[in-house]
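Heads up, the thing below is written out as structure tokens.
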Amino acid sequence: MKYYITTPIFYPNSSPHIGTAYTTVAADALARYHRLLGDEVYFLTGTDENAQKIVRTAEANHVDPRTYVDGVVKRFKELWKALDISYDDFIRTTEERHQNVVQQIFTKLYEKGDIYKSEYSGWYCTPCETFWLENKLVEGKCPNVDCGRDVELLKEESYFFRLSKYQDALLKHLADHLEFIQPVSRRNEMLRFIESGLEDLCVSRTTFQWGIKVPFDPKHVVYVWLDALINYISALGYPDGENYKRYWPADVHIMGKDIVRFHAVIWPIILMALDIPLPKVIYGHGWYLTKDGGKISKSRGNVQDSFELIQRYGSDAIRYFLLREMQVGTDGTYSEDNVVERLNSDLANDFGNFVSRSLAMVVKYRNGIVPCPGQDGVQEREVKALSNEVKKAVEKRLEACDPAGALEEIWRFVARCNKYVDETAPWVLAKHEEEQEHLDTVLYTFVECIRVMAILTAPFMPGLPPRICALLGLDEGIIRWEEADQWGILKHGLKVEKGEQLFPRIDISQYTIAEETKAVEQAQTQDQTISKTQDQNQDQKELTEPPALCSEFEPIKEEISIEDFAKLDLRVAKILSAEKVEKTDKLMKLEVEVAGVVRTVVSGIAKHYAPEDLVNQYVVLVANLKPTKLRGIMSQGMILAASQGEVLEVLMVNKDLPGGALVK
């Protein structure tokens, strides 16, 4: 059977973040699963490069759009390689193969009468690439819950697509195909949107030139959503390509919930107008949110570097966390503490510990040689029955695009394997001569359990099965899905080894200490700059003989403009409480009040101040510094201090100024 799965094409306006990574890892897990089933899989991902926001981002970076997107696309591909993403094709909307299909389809829809020219006047949000009616704005800003930014009034000649013409046809399709939009919450949301009435869609722009030209009217550029969505068939060689004939319609389009509307409304109507079959499933997953409930996104400035996470914890571990935390129909919560807790609990304790102690006992009691098993007992029959039950449950979950649920099922089996160790107590059996056959059965069952676990986890953590096969002395070809509930596959006499821990326990302090050191060094650099400025001002006032040069001072940094300085938001902050951070002699945890809001700030001043000396003092805070985690504490700002050598003094202000007063 064929299986065609796609991610959305991502905006290359900055490096990919963990939300982008989740979408792609989820699609990859489904693609790998179907390959294990023996299906002929085509997995597509790519980048959406023909957008006004790309132009503006490139201009802000002082490069041309093509040069800019080439660099970002390289980062996407590097991340997908680091995450073991097994895509079959990577489509870029700046490629000729895509542009030709878009122009062909635009012309066809125009000649059919489904595209017409008119004039558009409306409010446009560049980050969302969306026009809004004035009555849809929220306090004059973009109504998108993930945006809320300023919009601009645009009036220009445009081409329009007759979206409204196909409203009833789309509603009928939804009624006839209940599985078309998943999960149910997204389907209900889209039904309400469609039933409220569809308006014709603006599909061209004339105010910028980056993009695909309308072939018969080149002053117009094809508007992003008509352009972008077509990638799913342009990558296959529509209309005559062999891949198009083989793989269309798509089995699953998977994406974040914020772009479901474009895929569940605009895209199927485009296909209806072209008399092309519709995809089978549009699946909209949730967002990854921070602990305080905010979406992780580039625009919010709270993006975690995916490469750093992979370097710290490994590709398989990050894939597991992302897939395990995102439940169907809901949002996931991300923090590095959550990552460490999940990896230590599930991977190190449950999975890794079972593999490690099981193989260690085979090595200890049978010199690493897998013994010939005897007759099964009650426990062995229960373990084998559960493997059959879990395999079916995993298949059902994955058919519903639910990798989190599939992993939950697998960990039911992992838990039962650990329980089996405790029930059978091989260390006790080894002491009794009459229990040696029973011990052989138990040790053989251990190794078979490890084989089954390797198969079940293969779609989710592709780097894990080869490592397990190496421990079992097996070729990777042993990973066959149909054998996940079969027993007696491994031949006795195999030589196994304990090897290194598959997932060593993580001590997050090894990373927070490094972050702490870096932050303190940055703070000291800031302190030295402040100290130099103060000394220079004093010299100018005294107008006496020039001071002797001090070799301890670093050179003054490059000049900045007043606009650069204006980016700093310096505020008076009242210190409400202070305490030293455990296991460090440098860091002080402060609770400060700024304009009626209490923040936590971690500062490298503990060697110079006792906590009681700081309470109720008024200090200067860099209020718009990006939050960072130090020793597991999220620090929201930086306290300014001056230093010279071993001397450090926090900058304090008169108490007559309230907390929140602007420093300028």
Side-chain angles (χ1 to χ4, degrees), residues 25 28-29 31-33 35-36 80-86 310-321 323-324 343-344 346-373 383 387 390-391 394 407 410-411 413-414 417-418 420-421 426 440 442-506:
V25 169
D28 183 70
R32 288 179 179 275
Y33 163 67
R35 291 191 189 104
L36 285 171
W80 299 160
K81 182 178 180 180
L83 283 170
D84 290 318
I85 304 300
S86 60
I310 296 167
Q311 184 178 21
R312 287 185 179 183
Y313 307 120
S315 173
D316 281 334
I318 294 305
R319 285 174 63 110
Y320 176 81
F321 172 81
L323 294 173
R324 182 66 179 79
L343 302 190
N344 280 341
D346 294 6
L347 297 184
N349 290 356
D350 295 343
F351 195 108
N353 190 45
F354 172 77
V355 173
S356 178
R357 64 175 176 161
S358 296
L359 294 179
M361 284 186 275
V362 177
V363 171
K364 181 177 181 179
Y365 301 129
R366 295 294 183 264
N367 296 316
I369 305 300
V370 177
C372 180
V383 170
S387 73
V390 165
K391 176 174 176 286
V394 169
L407 286 168
I410 293 169
W411 251 250
F413 182 72
V414 173
C417 292
N418 278 288
Y420 175 71
V421 176
D440 286 344
V442 170
L443 296 177
Y444 181 84
T445 303
F446 284 171
V447 182
E448 277 284 76
C449 286
I450 294 171
R451 178 189 62 83
V452 171
M453 288 161 57
I455 296 172
L456 292 174
T457 56
F460 313 96
M461 295 183 282
L464 183 57
R467 296 171 66 197
I468 291 177
C469 286
L471 295 178
L472 300 183
L474 297 171
D475 183 86
E476 289 182 38
I478 196 68
I479 304 302
R480 292 185 283 270
W481 187 260
E482 65 273 16
E483 294 180 350
D485 59 351
Q486 297 178 21
W487 293 80
I489 299 297
L490 295 180
K491 304 302 181 185
H492 60 85
L494 279 174
K495 176 75 173 179
V496 303
E497 58 182 86
K498 177 183 176 183
E500 299 293 327
Q501 284 279 356
L502 293 174
F503 299 102
R505 282 189 61 81
I506 299 162

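Values below: all heavy atoms of this structure, side chains included; hydrogens, waters and symmetry mates excluded.
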TODO: Please name the residue in the list V452, L490, V355, L494 that meets the side-chain contact (heavy atoms from CB on, under 4.5 Å) test with V447.
DONE: L490
Open item on the list: For the CD1 atom of I450 and the CD1 atom of I455, what is their distance to the nearest 0.5 Å?
Closed with: 12.5 Å
Task: For the student: nearest non-hydrogen atoms of P504 and N344, plus distance - done: O-OD1, 4.5 Å
Task: Interatomic spacing from CD1 in I369 to CG in L443 - rounded to 0.5 Å - done: 12.0 Å
Task: Distance (rounded to the nearest 0.5 Å) between E448 CD and L472 CG - done: 9.5 Å
TODO: Show the numbers, then the answer: is there a side chain to side chain contact (heavy atoms under 4.5 Å, CB included) between S356 and L502?
DONE: CA-CA 8 Å; S356 178; L502 293 174; over 6 Å; no
Open item on the list: Using side chain to side chain contact (heavy atoms under 4.5 Å, CB included), reason through E500 and R467 one step at a time and then give a plain yes or no.
Closed with: CA-CA 10 Å; E500 299 293 327; R467 296 171 66 197; over 6 Å; no
Task: Flag side-chain contact, heavy atom, 4.5 Å: P459 against R35 - done: no
Open item on the list: Quick check for you: to the nearest 0.5 Å, what is the distance between L343 atom CG and Y320 atom OH?
Closed with: 8.5 Å
TODO: With sequence neighbours excluded, tell me which residues meet side-chain contact (heavy atoms from CB on, under 4.5 Å) with E497.
DONE: L471
Open item on the list: Suppose we screen for side-chain contact (heavy atoms from CB on, under 4.5 Å). Which residues come up paired with S315, at least two apart in sequence or across chains?
Closed with: L83, D84, I310, R319
Task: Taking every non-hydrogen atom, the tightest pair across E482 and K391 - done: CA-CE, 4.2 Å
Task: Heavy-atom check, side chain of K364 versus side chain of K498, under 4.5 Å - done: no
TODO: For the residue pair T445 and W487, confirm or rule out a side-chain donor-acceptor distance under 3.5 Å.
DONE: no
Open item on the list: Run the side chain to side chain contact (heavy atoms under 4.5 Å, CB included) test on R366 and Y444 for me, step by step, so that the C-alpha distance in whole Å, both residues' side-chain angles and the decisive distance to 0.1 Å come before the verdict.
Closed with: CA-CA 11 Å; R366 295 294 183 264; Y444 181 84; over 6 Å; no
Task: Side-chain touch W481/L456, heavy atoms, less than 4.5 angstrom - done: yes
Task: Euclidean distance, F321 CZ relative to I318 CD1, rounded to 0.5 Å - done: 7.5 Å
Open item on the list: For F446 and Y420, I'd like to know if the aromatic rings sit close, meaning centre-to-centre distance below 6.0 Å.
Closed with: yes
Task: Under 3.5 Å donor-acceptor, D316 side chain and L464 backbone - done: yes
Task: Residue pair D440, C372: steps toward the side chain to side chain contact (heavy atoms under 4.5 Å, CB included) verdict - done: CA-CA 6 Å; D440 286 344; C372 180; over 6 Å; no
Open item on the list: Test of understanding: with side-chain contact (heavy atoms from CB on, under 4.5 Å), list the residues that count as partners of V414, not counting sequence neighbours.
Closed with: D350, F351, I410, W411, N418, M453
TODO: Hey, could you give me the CG/CG distance between D28 and L323, rounded to the nearest 0.5 Å?
DONE: 9.0 Å
Task: Polar contact flag, side-chain donor to acceptor under 3.5 angstrom, D485-S387 - done: no
